[in-house]
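Accompanying notes for the structure given below.
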There are 2 protein chains.
Amino acid sequence: MATLTDVTESATSRGEQTRELILSTALRLFREQGYGRTTMRAIATEAGVSVGNAYYYYSSKEHLMQAYYDHLQEQHRDAVAPILSTEKAFVPRLTGVLRTWLEVSAPYHEFAGTFFKTAAEPTSPLSPFSDESRPARDASVKIFRQVVDGSDLKLPADLEAELPELLWLMHMGIVLFWVHDKSADVRRTKALIDRSVPLVDRLLRLTRVPGVRGVANDVVGLIRSIKP
Amino acid sequence: MATLTDVTESATSRGEQTRELILSTALRLFREQGYGRTTMRAIATEAGVSVGNAYYYYSSKEHLMQAYYDHLQEQHRDAVAPILSTEKAFVPRLTGVLRTWLEVSAPYHEFAGTFFKTAAEPTSPLSPFSDESRPARDASVKIFRQVVDGSDLKLPADLEAELPELLWLMHMGIVLFWVHDKSADVRRTKALIDRSVPLVDRLLRLTRVPGVRGVANDVVGLIRSIKP
DNA sequence: TCGGAGTTTTGAACATGTTCAAGTAGTCGG
DNA sequence: CCGACTACTTGAACATGTTCAAAACTCCGA
């Protein structure tokens with residue numbers, strides 16, 4: 001609960017407490033019964049407010065999820081800090097960041113599917129590509145920029161500039177895999193991380209090989225050309 | 001209409017006509033007003049049946065979309081045949097297949113977002129990774145297998161075996177990009193295809209370079225290890 | 001203290017996907 | 001032709017996200 005109230009600066013107007021009460025109740029119910037089975041009526045009742053009041057603070061059920069996403073984001077950023085400040089090698093840095101995300105998100109694995117469902121819709125404000133979630137996305141990319149900058153990697157400047165976003169994309173891919181991962185203790189996702197990170201490392205270092213550098217340049221050019 | 005009725009073998013039982021009437025009405029309304037704004041009541045009314053009857057044939061609104069997806073699949077397979085039988089070089093083969101998908105799907109671009117939204121949910125039968133959509137997925141992968149097999153590519157056997165699925169994955173990525181592409185005439189998606197295909201081609205041919213082959217082998221190993 | 005402006009709260013009403021018990025119609029063995 | 005079995009059809013009822021007009025509350029200046 002404390003983590004939730006910490007998030008916003010101390011109550012600015014009357015309703016802040018109600019807002020947070022609704023949010024924490026919603027997150028709890030989402031976790032306990034899944035997103036689909038949690039009704040707005042249930043959230044309102046459990047929080048001791050009316051349905052209309054819940055809508056006064058969160059204009060839709062999806063927006064409650066958006067709030068969850070921001071919450072997750074902050075937890076991840078905090079949990080990752082010690083790794084980034086101690087570890088210097090690229091592989092453990094990236095592995096650590098990705099596995100930490102797994103840990104932070106674990107309680108929500110079951111209902112995460114529904115989250116990414118709505119996130120996949122381009123018109124949804126929850127889409128990871130939407131303007132509305134730019135702050136969260138930028139914050140996430142920033143983490144990967146730290147992964148790159150603080151590491152022992154030596155890369156061509158242009159590739160290094162694009163790399164954080166590419167790693168964020170990789171992260172999104174892993175999240176997609178995780179959402180579908182039904183193995184015990186998400187073993188398969190963990191395996192994916194542990195095996196793909198060293199591979200990325202090798203690939204990146206390969207960019208020094210003459211024949212490969214050309215392709216790498218093309219990749220960078222492609223990325224740049226399709227950016228909005 | 002013809003394409004729709006062709007799909008299933010000639011009427012096996014009484015209700016087949018009704019089934020197809022409902023489907024074609026639904027697809028038309030989806031196209032005309034978008035998925036979200038098309039109500040089941042509207043579909044039923046327009047098709048001249050009751051709401052309950054629509055549910056007798058399609059157990060949910062999502063299943064109507066599943067039917068649309070199958071329909072699209074078949075159109076793509078047919079439209080792609082001439083390319084696969086004439087073109088021999090890998091780059092134009094793959095480019096042709098991907099751009100043809102764009103053409104076939106163009107009328108549905110607007111409401112495709114909603115489609116892929118539900119498709120992204122792992123528990124949905126519409127998920128491209130679900131058992132229920134395995135037939136459609138296999139059919140799609142098969143197209144990419146033809147792209148590889150009929151081309152001038154010379155690759156290590158294990159990589160060649162995995163390549164069709166990898167290309168299908170690439171296709172999914174492009175679809176995701178397309179869904180979010182708001183540029184006129186989906187120019188950006190077309191650019192993505194035209195630039196990324198030659199890049200893939202170069203990457204694949206690079207696997208002959210000694211230093212690269214090791215990485216390629218690891219990629220193949222990784223793919224295999226995470227398959228369910 | 002009073003009145004009003006802004007903020008918060010309420011719950012009934014609405015829209016729409018979905019279910020279901022009941023009805024209808026075609027079909028087949030006798 | 002009859003009865004019954006299956007296939008099909010119906011529409012009212014239900015569940016739940018969302019809206020909204022009205023009420024309640026808070027705060028502040030006169």
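Naming convention: chains lettered A, B, ... in sequence-line order (proteins, then strands); numbering from 1 in each chain.
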Checklist entry - D:dT18, C:dT8, D:dT9: which one has an atom nearest the side-chain heavy atoms of B:Thr18? => result D:dT9
Next on the checklist: Heavy atoms only, 4.0 Å cut-off, all strands: where does B:Tyr57 land among base, sugar-phosphate and nothing?
Outcome noted: sugar-phosphate
Checklist entry - A:Tyr58 ring centre to A:Arg19 NZ or CZ under 6.0 Å, with the angle to the axis within 45°? => result yes
Checklist entry - Do the non-hydrogen side-chain atoms of B:Tyr108 and B:Tyr68 ever get within less than 4.5 Å of each other? => result yes
Checklist entry - Roughly, in whole Å, what's the span from CD1 in B:Ile43 to C1' in C:dT16? => result 12 Å
Checklist entry - What does A:Val49 touch in the nucleic acid at a heavy-atom separation under 4.0 angstrom: a base, only the sugar-phosphate, or nothing? => result sugar-phosphate
Checklist entry - Parallel under 30°, tilted from 30 to 60°, perpendicular over 60°: which one fits the rings of B:Trp101 and B:Trp178? => result perpendicular
Checklist entry - Taking CD1 from A:Ile22 and C1' from C:dT10, how many angstroms apart are they, rounded to a whole number? => result 13 Å
Next on the checklist: Can you confirm whether B:Gln66 sits close enough to B:Ser60 that some side-chain heavy atom of one is under 4.5 Å from a side-chain heavy atom of the other?
Outcome noted: no
Next on the checklist: Measure OH/A:Tyr58 against P/C:dT9 and give the value in whole Å, please.
Outcome noted: 13 Å
Checklist entry - Tell me: OH of A:Tyr55 to C1' of C:dT9, nearest whole Å? => result 16 Å
Checklist entry - Does A:Lys61 count as lying over the ring of A:Tyr35, i.e. NZ or CZ under 6.0 Å from the six-ring centre, within 45 degrees of the axis? => result yes
Checklist entry - In whole Å, what is the span from the CE atom of B:Met65 to the C1' atom of C:dG17? => result 13 Å
Checklist entry - According to a strict under-4.0 Å criterion, is B:Asn53 in side-chain N/O contact with OP1 or OP2 of D:dC8? => result no
Item to check | For atom CE of B:Met40 and atom C1' of D:dT10, their distance in whole Å | outcome: 15 Å
Checklist entry - Could you state the CZ-C1' distance from B:Arg41 to D:dT10, rounded to the nearest angstrom? => result 14 Å
Item to check | side-chain N/O A:Tyr56 vs C:dT9 OP1/OP2, d < 4.0 Å | outcome: no
Next on the checklist: Quick check on DNA chain D: between A:Gly52 and A:Thr38, whose nearest nucleotide comes earlier from the 5' end?
Outcome noted: A:Thr38
Next on the checklist: What's the closest nucleotide to the side chain of A:Ser50 if the choices are C:dG11, D:dT10, D:dT18?
Outcome noted: C:dG11
Checklist outcome for this item: To the nearest angstrom, the CG-P distance between B:Leu21 and D:dC8 comes to 15 Å
